[in-house]
There are 2 protein chains.
Amino acid sequence: MDVQLKRGLLDVCVLTAIKNEDSYGYKIIKDLKPYVELSESTLYTILKRLETGSMLTVRSVEHDGRLRKYYRITAMGLKRIEEFKEEWEKVLAIYQFVIKGDKEND
Amino acid sequence: MDVQLKRGLLDVCVLTAIKNEDSYGYKIIKDLKPYVELSESTLYTILKRLETGSMLTVRSVEHDGRLRKYYRITAMGLKRIEEFKEEWEKVLAIYQFVIKGDKEND
DNA sequence: ACGGTATACATCGTATCACGAAGTATATAT
DNA sequence: ATATATACTTCGTGATACGATGTATACCGT
């Protein structure tokens, strides 16, 4: 998928991936795979950004001798998703403009 | 509108704006305004990029003592729009994932 | 015992890109 | 005279996705 097209979607995808239950990096990547592929470096950058923006909180959990960092969405994270949904109407208007491709109906 | 969300749309918007008839910078901005706002610096960056990528051709026209650069879409530019439409299904799948927000239907 | 693969997170550098700021220049309206 | 609209250009910056690379453990097959 086109990199630029992903840019406005990734943050919200990650938030959606942890919306219903806390999750961790590796699992998020797997869960999102059917919809959008992202590398580990991309994901951890996003998680860090979302944490800085208070969209989620982190807690470390020992698992099988390894460390896992579980991410939990915050109220602001939920709000971010809602705002995205609102923005979507503008996106659809743009898409309509592109597929029509002419101005005969203004 | 969210900057990141625009990123995957702007190139195609500009191409759409010149699809049916050649146009020039200032007019493109005005024509796109109802759908997406972009500054002059953004537009000219995009036009340059699209030209470099052979998505459009340019020709200068004298108008009222001022110079106007008219942009015409190429076959590759048209192809770019078609590819965008194809990509759109992935975008919709992502959107559905976000608004559902749960995995009870996998 | 060894090698490969999966799990799990981290960091660095780079390329792309939207945008504000500032500039140049002409025509028209107040 | 001043402001506004038209029209294009250049520069610098910040945001961001991603490949490359690294660390570390567990498991499975031969």
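Convention: sequence-line order gives letters A, B, ...; per-chain numbering from 1. Quick note: numbers below take in every heavy atom, side chains included, and nothing from hydrogens, waters or symmetry partners.
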Under 4.0 Å from OP1 or OP2 of D/dA7: is there any side-chain N or O of B/K27 that close? no
Side chain of A/L38: nearest nucleotide among D/dA7, D/dC18, C/dA18? D/dC18
Of the candidates D/dT16, C/dC9, C/dC19, the side chain of B/Q4 sits closest to D/dT16
CG of A/L5 versus P of C/dA18: gap in Å, rounded? 12 Å
Map B/I46 and A/Y70 onto DNA chain C by nearest heavy atom, then report which one ends up closer to the 5' terminus. A/Y70
Please confirm whether the backbone N or O of A/L38 pairs with a side-chain atom of A/T42, one donor and one acceptor, at under 3.5 Å? no
Can any side-chain N or O of B/T74 pair as donor or acceptor with the backbone N or O of B/M55 at less than 3.5 Å? yes
Tell me whether the side-chain N or O atoms of B/S41 pair up with the base of C/dG20 as donor and acceptor below 3.5 Å, since no angle test is needed here. yes
Separation of D/dG19 atom P from A/L43 atom CG, nearest Å, is 13 Å
C/dA18, OP1 or OP2 - any side-chain N/O from B/T42 closer than 4.0 Å? no
Do A/K85 and A/E82 sit within salt-bridge range, that is, some charged N less than 4.0 Å from a carboxylate O? yes
Can you measure B/H63 atom NE2 to D/dA5 atom C1' for me and round it to whole angstrom units? 12 Å
Quick one: A/I28 CD1 to C/dT7 P, roughly how many Å, whole number? 15 Å
When you check the phosphate oxygens OP1 and OP2 of D/dT9, does a side-chain N or O of B/Y44 lie under 4.0 Å from one of them? no
How many whole angstroms separate atom CZ of A/R7 from atom P of C/dC19? 12 Å
Select base, sugar-phosphate, or nothing to describe what A/E40 touches, counting heavy atoms under 4.0 Å on all strands. base
OP1 or OP2 of D/dA5 sitting under 4.0 Å from any side-chain N/O of B/Y26? no
Using only side-chain N and O atoms of B/R66, determine if any of them is under 4.0 Å from OP1 or OP2 of D/dA5. no
Scan side-chain atoms only and decide if A/R72 and A/Y70 contain a donor-acceptor pair under the 3.5 Å cut-off. no
Reckon A/K48 touches a base, only the sugar-phosphate, or nothing at all at heavy-atom distances under 4.0 Å? nothing
Backbone N or O of B/M1 within a donor-acceptor pair of the A/E87 side chain at under 3.5 Å? no
Nucleotide D/dT9, atom P - distance to CG of B/L67 in whole Å: 8 Å
B/Y71 or B/K30, whichever maps to the more 5' nucleotide of DNA chain D: B/K30
Touch class at under 4.0 angstrom, heavy-atom based, for B/R68 against every strand present: sugar-phosphate
Whole angstroms only, please: what is the CG-P distance between B/L47 and D/dA7? 14 Å
Counting side-chain heavy atoms from C-beta on, which of C/dG20, D/dC18, C/dA18 comes nearest to B/V3? C/dA18
Can you measure B/K6 atom NZ to C/dA18 atom C1' for me and round it to whole angstrom units? 8 Å
Walk me through it: do B/R59 and B/D22 pass the test salt bridge (charged side-chain N to carboxylate O under 4.0 Å, His left out)? CA-CA 10 Å; B/R59 101 193 113 93; B/D22 299 0; 2.7 Å; yes
